[in-house]
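Computed from a predicted model, the values in this text were never measured in an experiment.
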Amino acid sequence: LEIRQGLDKGTRLQITREGETMSLEELGIKASLFYREGRPILPHPGGPFSLNGEDLVSGEIQLIHGDQLTIAGTEIEVV
């Protein structure tokens, strides 16, 4: 979903179903996301990655509202 007018013009959203992995590459982010029991899970993308300013080297991250991610130089806010 892409907002084409208004204050949020250019904002893009992606939606997926529980159990399906969603690639974020269409958004220019080399990572994927899936939902487990209704919770968004981001597996480590394999490159430079930080969560709320802390560098992470492995594992899965359960995302929550307000998280600030940096994946290979791309900044992302979880809303």
Taking all non-hydrogen atoms of both residues, which atom of Ser32 and which atom of Leu42 are closest, and how far apart? O-CD1, 2.9 Å
Mark yes when over 12 heavy atoms from residues, nucleotides or ligands other than Glu37 sit less than 6.0 Å from its CD; otherwise mark no. no
Verify side chain to side chain contact (heavy atoms under 4.5 Å, CB included) between Ile76 and Ile29, making sure each step is shown before the conclusion. CA-CA 9 Å; Ile76 303 158; Ile29 303 164; 3.5 Å; yes
Gap between atom CG of Asp8 and atom CD of Glu2 - 0.5 Å precision: 12.0 Å
Should Phe34 and Leu56 be counted in the same cluster of Ile, Leu, Val, Met, Phe, Trp and Tyr side chains packed under 4.5 Å apart? no
Closest heavy-atom pair, Lys30 versus Pro45, reported as atoms and distance to 0.1 Å, is O-CB, 3.3 Å
Do you know which two heavy atoms are closest between Gln62 and Asp67, and how far apart they sit? O-OD2, 4.0 Å
Side chains of Leu69 and Leu63: closer than 4.5 Å at any heavy-atom pair? yes
Look up atom CG in Leu51 and atom OG1 in Thr70, then write down how far apart they are to the nearest 0.5 Å. 9.0 Å
Indicate if Ile41 and Val78 have the same hydrophobic cluster label, given that clusters are the connected sets of ILVMFWY residues with side-chain heavy-atom separations under 4.5 angstrom. no
Heavy atoms from other residues, nucleotides or ligands near CD of Glu75 exceed 12 (cutoff 6.0 Å): no
Do Tyr35 and Arg17 have side-chain heavy atoms sitting under 4.5 Å apart? no
Can you list the steps and then say if Phe49 with Val57 is a side chain to side chain contact (heavy atoms under 4.5 Å, CB included)? CA-CA 7 Å; Phe49 177 53; Val57 295; over 6 Å; no
Is the shortest side-chain N to carboxylate O distance from Glu18 to Arg36 below 4.0 Å? no
Taking atom CD of Glu60 as the centre, report whether more than 12 heavy atoms of other residues, nucleotides or ligands fall under 6.0 Å from it. yes
Taking all heavy atoms of Ser23 and all of Glu25, pick out the closest pair and write down the distance. OG-N, 3.1 Å
How about Glu20: does its CD atom have over 12 heavy atoms from other parts shown lying under 6.0 Å from it? yes
